[in-house]
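Scroll down for the structure; my scribbles are underneath it.
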Amino acid sequence: MNKKFFCLSLLLIAVVQSVMFLLDHHPMFFFGDSASYLWTAITGSIPSDRSFIYGYFIRIASFFTRSLASVVAAQTFLTIITCFISVYLLIRYFNVRPWLALSTGLLMGIEPLQLLYTRYVMTETLALFLFVFYVWIVLQYSEDMRIRWLVMLQMLAIMMIGVRFAFIPLVWIGALAVPMIAIPRIAEKEKSSRKKIISVAAHVFVSVAVLFALTSAYKHVYGYLLHKPPAYSLDSGFFAVSFVTPIIAPEDFENINLGKQVFTDLAFSVQDRRARSAHRWMEGGLVSRLNELEPDRVNANQIAQDAAMHAVIHKPLAFLKLGWHTFADYFDKGYLKSALETELGNRRLEPEFLNFIKERYNYRSGQSSALDLMTITGRYFLRAGHWIQFLLFLPLVWGLFFVIVQNADQRKKAAMMGLFSLVLVGVALFLVERPTPRFLHIPAWLACLAAA
């Protein structure tokens with residue numbers, strides 16, 4: 001491949017991103033996630049419900065400058081690398097023409113979600129950076145089916161989980177699905193049926209076993225740091241029960257009497273799907289009520305998780321209907337506008353937090369929320385409603401490619417990208433409390449890939 005072309009690509013991408021950085025390098029916040037990450041960066045404390053790795057990323061990025069602008073600069077650098085690698089992947093694995101691959105790489109850098117979250121003290125940019133490498137290994141494995149690539153894939157998967165828990169469904173499904181793309185090649189290579197089965201089983205076993213070992217180690221380390229039992233997150237059950245609040249009932253609790261008490265004197269309707277966030281975070285909500293009845297937070301979280309799982313398993317159609325309603329909410333113009341404003345950040349900085357970042361990070365701006373400031377990237381994001389809606393149909397786009405592409409190798413790759421899109425969009429619809437555009441951040445990158 002032409003080295004001059006790739007040098008030019010890197011230069012152009014860097015210039016575009018540098019210009020955007022100069023136009024808008026104001027650090028932005030989403031509460032309370034950003035506050036949690038900053039607290040980890042300053043104190044080293046481990047949050048019970050969010051990534052702690054990102055907090056250390058902030059610490060490293062701002063170590064010399066003591067400025068959050070350097071975090072934005074570091075994330076801009078990650079965006080440059082992400083876009084550049086995307087150009088390479090399109091040319092190397094999808095046979096896209098160089099000029100079209102470069103155009104797509106530039107487009108990725110100015111896509112509304114990508115452009116916005118590069119400026120936020122949030123995990124999105126780092127998460128996408130890792131995901132692009134994950135896709136790179138998947139594509140490499142699709143052509144060179146060696147077990148070492150599966151081992152590398154799962155090592156990267158645990159890093160992704162450490163940055164963002166929303167990757168958990170994707171990496172586990174990927175651990176099973178990625179080795180399956182080796183079946184046709186193994187079928188050609190091995191002559192006897194017995195050897196074919198053994199080879200496929202070996203790939204699947206290594207993939208799943210390595211991920212299981214790494215996730216087990218991660219959970220033990222996480223629990224050790226918090227002096228709690230092993231877990232991905234100590235609040236996963238509280239999130240789960242809030243996701244499915246409209247379909248949960250006292251009978252879903254192992255202790256039905258406790259379930260009845262939990263549903264007594266709630267401040268919000270359990271049938272209102274748009275009140276799910278209130279049930280997770282506010283006093284008088286279902287989670288708050290459960291914590292009152294069960295003071296041991298670890299036990300309360302487990303009770304919530306078991307109840308949520310029971311509701312999903314025994315009411316699958318109601319669960320699917322709930323996801324459908326979340327999908328429909330994205331097409332409610334007023335509600336989507338509200339969701340975009342919430343994601344942009346419509347909460348003003350509290351005096352305590354403002355003093356905290358002024359002292360620690362020399363933050364010179366006032367209390368204004370991101371919605372108050374209305375930066376260039378913020379205004380751009382608020383006009384991206386139709387783009388957000390389109391991303392919900394991304395699995396169908398990759399599915400269409402799978403049907404119409406004749407080349408078997410390209411169909412295999414389209415199938416994997418389609419599966420990743422389906423899982424990520426599924427997470428955005430079923431594992432959230434409300435329409436949350438930032439959960440479509442990575443699907444937006446996959447959409448640019450599909451466009452090329």
Report task. Kindly write out the residues that satisfy side-chain contact (heavy atoms from CB on, under 4.5 Å) with Ser18, not counting sequence neighbours, or none if the list is empty. Result -> none
Please table the atom pairs, donor to acceptor, closer than 3.5 Å between any side-chain atom in residues 105-113 and protein atoms at least two apart or in another chain.
{"residue": "Glu111", "atom": "OE1", "partner": "Leu113", "partner atom": "N", "Å": "3.3"}
{"residue": "Glu111", "atom": "OE1", "partner": "Gln114", "partner atom": "N", "Å": "2.8"}
{"residue": "Glu111", "atom": "OE2", "partner": "Leu113", "partner atom": "N", "Å": "3.1"}
{"residue": "Glu111", "atom": "OE2", "partner": "Trp387", "partner atom": "NE1", "Å": "2.6"}

**Report entry** Residues in side chain to side chain donor-acceptor pair (under 3.5 Å) contact with Gln154, at least two apart in sequence or another chain
**Finding:** Ser207
Requested in this report: Please name all residues satisfying ring pair (Phe, Tyr, Trp, His ring centres under 6.0 Å) with His325, sequence neighbours left out, ordered by chain then number.
Outcome: none
Query raised in the report: Quick one: side chain to side chain donor-acceptor pair (under 3.5 Å) partners of Tyr117, sequence neighbours excluded?
Result: Glu343
**Report entry** Results of side-chain contact (heavy atoms from CB on, under 4.5 Å) for Ile137 - residues two or more places apart only
**Finding:** Trp149, Met152, Leu153, Leu156
Query - Contacts of Ser288 that satisfy side chain to side chain donor-acceptor pair (under 3.5 Å) - sequence neighbours left out - result: Glu283
Query - Sequence neighbours excluded - salt bridge (charged side-chain N to carboxylate O under 4.0 Å, His left out) pairs with any residue from residues 49-59 - result: Asp33-Arg50
Query raised in the report: Taking only residues two or more places apart in sequence, or in another chain, which ones meet Val208 in a side-chain contact (heavy atoms from CB on, under 4.5 Å)?
Result: Trp172, Ala175, Leu176, Val204
Query - side-chain contact (heavy atoms from CB on, under 4.5 Å) involving Pro229 - partner list, sequence neighbours excluded - result: Val298
Query raised in the report: Can you list the residues that meet the ring pair (Phe, Tyr, Trp, His ring centres under 6.0 Å) rule with Phe430, with sequence neighbours excluded?
Result: Phe319
Query raised in the report: How would you list all residue pairs meeting ring-ring contact (aromatic ring centres under 6.0 Å, His included) that involve residues 55-86, not counting sequence neighbours?
Result: Tyr54-Phe57
